[in-house]
There are 2 protein chains.
Amino acid sequence: MQAEIDKINQQLAVKGYKLTRQREATVLVLLENEKDHLSAEEVFMLVRDKFPDIGLATVYRTLDLLHELHIVEKMNFGDGVARYDLRGTEQAHMHHHIICTDCGSVVEIKDDWLLELEQRVEREYGFTVMDHRLEFLGTCKDCSSKKTEASRQAIS
Amino acid sequence: MQAEIDKINQQLAVKGYKLTRQREATVLVLLENEKDHLSAEEVFMLVRDKFPDIGLATVYRTLDLLHELHIVEKMNFGDGVARYDLRGTEQAHMHHHIICTDCGSVVEIKDDWLLELEQRVEREYGFTVMDHRLEFLGTCKDCSSKKTEASRQAIS
DNA sequence: TTATATGCAAAGGGTTTGCACAACG
DNA sequence: CGTTGTGCAAACCCTTTGCATATAA
């Protein structure tokens, strides 16, 4: 954990930014919740446990900064809320999302399924791919079975 | 063009909605700009040419309605603005986006590159895929050449 | 006629910004 | 020291809502 923080500290220092206590606390929250996709508000509430005097604006500014340095990913699941996610150690953009439109659950796919398609984009469109977003929308296992359950009830 | 409108009229009627003049004008704008990804504001301004007294709220309500009926797609390129896109005749989700993070241009890929991956999601995660979003982020041809141009300038 | 749809303006929610103050290097 | 960062509150922007009025079927 300290290793990650040191590394981020360096990435900041290179660009002339400082790792303040507020930023450190924010990074810590992100590290502790690497599995989730927290909104700025959620990050704010969690950071306040470590640093009660922090302001929401600071959290926004920190998340923006980390996003610019490609340390966190900023995404958007369709509700008008930005969500933030620490990028896994090194392997930048290797994850996709499976979003259930019934219950709102989000599952991550950890592999990169798109290498081939990226090459195709580069080849066919002369486009240099830096990153990608891939989301599947539909119904998850649980909600599917709930639905069949419900329709069984309706019949009987 | 009239054929498309009639069809949408039917889809509305089935659910008990009416094709008002405002809604017709909105649909017309979407048809005329099928290639673009208009924001609500942009749609509003274009619709006003046909129907000067329309309110922005009506445009929002119409776009929401059309989205619920799966007639338009609602998407989000990261700026905090929802964008709307008439779904091509029948083939629902068969397009992906290539977004240049330098100039903001958006190019569409018309094929569906994801059939295989969708099957994999269904198989490995028990997830019923209804739709997907795929976006590639990076630098387009034009911006790439501008960049190399610029660095050449810098050297000389 | 009656449910549905509209326009307007106000409210809402997330995000950004201006400014005076604090803190890092 | 000067630059960079912070907290607060106000400003901002896009979007949604309440309500009285208008309109489609």
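Labels below follow one simple rule: chain letters A, B, ... track the order of the sequence lines, proteins then strands, and each chain is numbered from 1.
Between B:E108 and B:H37, the side chains place a donor N or O and an acceptor N or O closer than 3.5 Å (distance only, hydrogens not considered).
Within a 6.0 Å sphere centred on CD of A:Q10, other residues, nucleotides and ligands contribute 12 heavy atoms or fewer.
Nucleic acid contact class of A:F44 (heavy atoms, under 4.0 Å, all strands): none.
Using a 4.5 Å heavy-atom cutoff, the side chains of B:L69 and B:V14 are not in contact.
Nucleotide C:dT6 holds its P atom 12 Å from the OH atom of B:Y17, rounded to whole Å. Nucleotide C:dG25 holds its C1' atom 14 Å from the CG atom of A:L12, rounded to whole Å. Straight-line distance from the CG atom of A:D79 to the P atom of D:dT16: 12 Å, rounded to whole Å. B:H67 places its NE2 atom 14 Å from the C1' atom of D:dT15, with the value rounded to the nearest Å. One interatomic measurement links the two molecules: CG of B:L65 to C1' of D:dT15, which rounds to 16 Å at whole-angstrom precision. When rounded to the nearest whole Å, the span between CD of A:E24 and C1' of C:dA23 equals 15 Å.
Ring orientation note: the planes of A:F77 and A:H97 are nearly perpendicular, at an angle over 60° on the 30°/60° scale.
With salt bridges taken as basic N to acidic carboxylate O contacts below 4.0 Å, one links A:R83 and A:E42.
In terms of phosphate contacts, A:R23 brings a side-chain nitrogen or oxygen within less than 4.0 Å of OP1 or OP2 of D:dT6.
Each of B:N33, B:I5, B:V47 was scored for a side chain to side chain contact (heavy atoms under 4.5 Å, CB included) with B:L28, with one residue passing: B:I5.
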Filtered N/O pairs between nucleotides 11-15 of chain C and protein, under 3.5 Å:
residue: C:dT15; atom: OP1; partner: A:A82; partner atom: N; Å: 2.9
residue: C:dT15; atom: OP2; partner: A:Y60; partner atom: OH; Å: 2.3
residue: C:dT15; atom: O5'; partner: A:Y60; partner atom: OH; Å: 3.1

Readout for nucleotides 18-25 of chain D: B = base within 4.0 Å of protein heavy atom, S = sugar-phosphate only, - = neither; 5' to 3' it is B-----BS
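Of all the heavy atoms in B:L86 and B:L30, the pair that sits closest is CD2-CB, 3.0 Å. When all heavy atoms of B:C140 and B:C100 are compared, the closest pair comes out as N-SG, 3.5 Å. Taking all atoms of both residues into account, the shortest heavy-atom contact from B:F44 to B:I54 is CE1-O, 3.4 Å.
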